[in-house]
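What follows is a short report on a single structure.
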Amino acid sequence: SQKIEQNSEALNIQEGKTATLTCNYTNYSPAYLQWYRQDPGRGPVFLLLIRENEKEKRKERLKVTFDTTLKQSLFHITASQPADSATYLCALDPLENQGGKLIFGQGTELSVKP
Amino acid sequence: SAVISQKPSRDICQRGTSLTIQCQVDSQVTMMFWYRQQPGQSLTLIATANQGSEATYESGFVIDKFPISRPNLTFSTLTVSNMSPEDSSIYLCSARVGGTDTQYFGPGTRLTVL
C-alpha cells in the first residue's frame, strides 16, 4: 500500500543544535516533495519544494535532501531557535497524479528548548 | 506566491445546520483545493475546486455533504451540510500558483459542531 511516514514522536532539541526530520514514503514515485511548517490552530506555511532530480535544496537555515533510491527526504534546521518550535509536515505529489493533489505525512512536532 | 484568506476563521454550530466557508486568493491561481484536518491528524484532501464546473471529490467525500463552488479564478466556497459533531475539524483552502508546483494554504476555519 502507499504510505508517507514521518517521525511520529516529538523531537526535542537544545537551542543552537541542528534538527533533522525524516520523511519516508513507499509505493510512490513523486515528482517533487514539499515541506511545510504548521503552528497550532493555523494553516500550513510553505517552506521548501525539492524535485526528484534535485539532491539538495537550501533556504537560509533550512536544508532539504531527497533520495529517490531510499525513498526518503530529510529536513534540517541548523542553529535552531525556540521560534522554530512547530509541527513540520512533508507532502508529496505522486507522478501518477496529474491533478497536483498533495498527500501529507502525519507531521513531526519539533520543540527547541532555550 | 499567493496570499489566501478564509472566512469565518472559526465557528460553533448546532447539529443539523450548514456552514459555508469562503476562500479568497489575492491572485489568479490554476487550482484550488479544500482539505480537512481533524484534531491531532494530518491534512486530508476533500476535493479539487474546478472553475466553472463541478468539483472533483476524493474517496469518502460526496457533493451532497460538501458542496463546493468556484465561480472565478480567485474565489471558492465549501459548505459543510447537515453537520454532526464528527465534522468538527479545521477546514483549509489551498491554491496552486500557475507555472509552479507550490501550494499555499489559507489560515483555516476551525469548526466545532455541538
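Naming: A, B, ... by sequence-line order, numbering from 1 per chain.
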* **Heavy-atom pair with the smallest gap, counting every atom of Q34(A) and T102(B)** =>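 Taking every non-hydrogen atom into account, OE1-CA, 3.9 Å.
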* To do: Might you point out which heavy atoms bring R96(B) and Y32(A) nearest each other, and give the distance in Å?
  =>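 Nearest heavy atoms, R96(B) then Y32(A): NH2-OH, 3.3 Å.
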Check the surroundings of atom [atom1] in [X]: do more than 12 heavy atoms from other residues, nucleotides or ligands lie under 6.0 Å from it?
| X | atom1 | result |
| --- | --- | --- |
| I12(B) | CD1 | no |
| E9(A) | CD | no |
| R10(B) | CZ | no |

Separation between [atom1] of [X] and [atom2] of [Y], rounded to the nearest 0.5 Å:
| X | Y | atom1 | atom2 | result |
| --- | --- | --- | --- | --- |
| K101(A) | M31(B) | NZ | CE | 8.0 Å |
| L102(A) | Y35(B) | CG | OH | 4.0 Å |
| Q37(B) | L89(A) | CD | CG | 7.0 Å |
| Q106(A) | Q41(B) | CD | CD | 9.5 Å |

* To do: Using a cut-off of under 4.5 Å on heavy-atom pairs, state which of G108(B), S9(B), G106(B), P107(B) scores highest against chain A.
  =>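 Heavy-atom pair counts peak at P107(B).
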* To do: Pick one of side chain, backbone, both or neither for L43(B), based on which atoms fall under 4.5 Å of a heavy atom in chain A.
  =>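 For L43(B), heavy atoms of backbone and side chain both lie under 4.5 Å from chain A.
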* To do: Would you mind checking which part of Q6(B) comes under 4.5 Å of any heavy atom in chain A, side chain (CB onward), backbone (N, CA, C, O), both or neither?
  =>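 For Q6(B), there is no contact with chain A at all, as no heavy atom is under 4.5 Å.
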* **F105(B) ring center near Y36(A) ring center (under 6.0 Å)** =>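 Ring-ring flag for F105(B)/Y36(A): true, centres closer than 6.0 Å.
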* **Candidate pair I90(B) and R42(A), rule side chain to side chain contact (heavy atoms under 4.5 Å, CB included), full reasoning** => CA-CA 9 Å; I90(B) 297 175; R42(A) 308 297 297 273; over 6 Å; no
